[in-house]
2 protein chains.
Amino acid sequence: MPRPPSAMRRQILGSALRLFAEHGFKGTSLHDIAVEARCSKASLLYHFAGKDAILTELLTPPAESLSAMVGELSVLEGGRAVEPAVTGYVGLAMRFHLEVKIIFAELPDMLGHPVLAVIPRAVDQLAAALAGRSEEPGARVRAQMVIGGVAVTVAADVDVEPDTMRAELVQGALRTLGHQTG
Amino acid sequence: MPRPPSAMRRQILGSALRLFAEHGFKGTSLHDIAVEARCSKASLLYHFAGKDAILTELLTPPAESLSAMVGELSVLEGGRAVEPAVTGYVGLAMRFHLEVKIIFAELPDMLGHPVLAVIPRAVDQLAAALAGRSEEPGARVRAQMVIGGVAVTVAADVDVEPDTMRAELVQGALRTLGHQTG
DNA sequence: ACCGTAGCTGACCGATCGGTCAGGTCTGAC
DNA sequence: GTCAGACCTGACCGATCGGTCAGCTACGGT
């Protein structure tokens, strides 16, 4: 649906991503974005149907990547899905760390947006994979701990080398789950 | 500083806590709180100096509890602080789970409030205790994972018995940290 | 009976929000 | 030269925000 990208359009998206991640969606006004992107507020609304449309376009790539990943996970049987789920989720979270920050800060009531509505369902499926498809309460709690722990750690500005961060996140998550590395 | 409590005052605080946790601070208007508390918007501002004052009064108890806890932790030497830090943090997070939700969703830029400004510093000290006072990057990442994982799990509405939840959070956190239970 | 005051309210205010609109500017095709 | 359309803007709009204010009611002390 998006038009062929222009320079201004890309600049608006970049400014909005930074501001949404720093101050939240509701905490960022169209005026703020316009100032950061060095254009007028009216120009924003020439390129995008509205504030929601900007958010939707920003969160569509991570949402689709997440959905695709849980799709691949779904063909794996119980325990075999745990390690790919961990490495896949850590990778996505690091790649889209600013988007993760937006999602975890503002998701509570911004369902209703069609694109964002799929995120909670995908996260549920991810949690199921992390729990090794177990319904046991402890497994579900541990899976939730991994999802939250990775997201918060990636969103925080911890001053650590990306490679170190990724390795520690994966190992920490596997230990949290009590998963024996084969 | 607060006046002697009245029934209306307590009802306003309860309504605000629920609404802030569900829709966020910026996502909740004084009108919303007034409707939920069955009073007028002007009555809110008779009991409280402003919207910020309501938030401050809600978050003061958890902030003070957290500061007190990290104070007690500070007298313990390195490794001995880890287990008390975990059990203490899990206990606080479960007791103030709605406040935790508010803090993690809206803290980014609401520093400036004097009461809230102490929270990030206390969290940093908590992270240091969880990391066993180690400066090693991996230890810091793991500590951050525990802080985020516990907070997000407690804030999510996972349908699990509180006792199970607490035990799993403590065990999961200790496993994440790679801490050998003695 | 009188009064002070705590509790509460409807009406109103300026600021800011997201969004609209008519019109200006620039550029490439013909 | 001129026309079409993409790009951009200042001015403006209604709605909603947090907050103010004058005044009403109810009640305990004297």
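Worth saying up front: this structure is predicted, and the values here are computed from it rather than measured. So that the names make sense, note that chain A is the first sequence line, chain B the second, and so on, each numbered from 1.
In this structure, of C:dG18, C:dT20, D:dG18, it is D:dG18 that holds the atom nearest to the side chain of B:Leu30. Among C:dT9, D:dG10, D:dG18, the nucleotide with an atom closest to any side-chain atom of B:Cys39 is C:dT9. Minimum atom distance to the side chain of A:Ser40 is reached by D:dT9, of the listed D:dT9, C:dT9, C:dG18. Of the candidate nucleotides D:dG19, C:dT20, C:dT9, D:dG19 has the atom lying nearest to any side-chain atom of B:Lys51.
Computed from coordinates, the A:His31 NE2 to D:dA11 P distance equals 14 Å when rounded to whole Å. In this structure, CZ of B:Phe48 is placed 15 Å from P of D:dG18, rounded to the nearest angstrom. Residue B:Lys41 contributes atom NZ, which lies 8 Å from atom P of D:dC17 at whole-angstrom precision. In this structure, B:Ile33 places its CD1 atom 11 Å from P of D:dC17, rounding to the nearest Å. Distance CE (A:Met8) to C1' (C:dT27): 19 Å, rounded to an integer number of Å.
Side-chain atoms of B:Lys101 do not come within 3.5 Å of backbone N or O of B:Ala156 as any donor-acceptor pair. Using a distance-only test at 3.5 Å, with no hydrogens or angles considered, no donor-acceptor pair links the side chain of B:Arg142 to the main chain of A:Glu168.
The shortest distance between the side-chain N/O atoms of A:Ser43 and the OP1/OP2 oxygens of D:dT9 is below 4.0 Å. At the phosphate of D:dA6, neither OP1 nor OP2 sits under 4.0 Å from any side-chain N or O atom of A:His47. Distances shorter than 4.0 Å separate some side-chain N or O of A:Tyr46 from OP1 or OP2 on D:dC7.
Looking only at side-chain heavy atoms (C-beta outward), A:Phe96 and A:Leu66 stay at 4.5 Å or farther from each other.
Counting non-hydrogen atoms under 4.0 angstrom, A:Ser29 reaches the backbone sugars and phosphates but no base.
Placement of A:Leu76 and A:Leu174 in two distinct hydrophobic clusters is found when ILVMFWY residues are connected by side-chain heavy-atom separations under 4.5 Å, directly or transitively.
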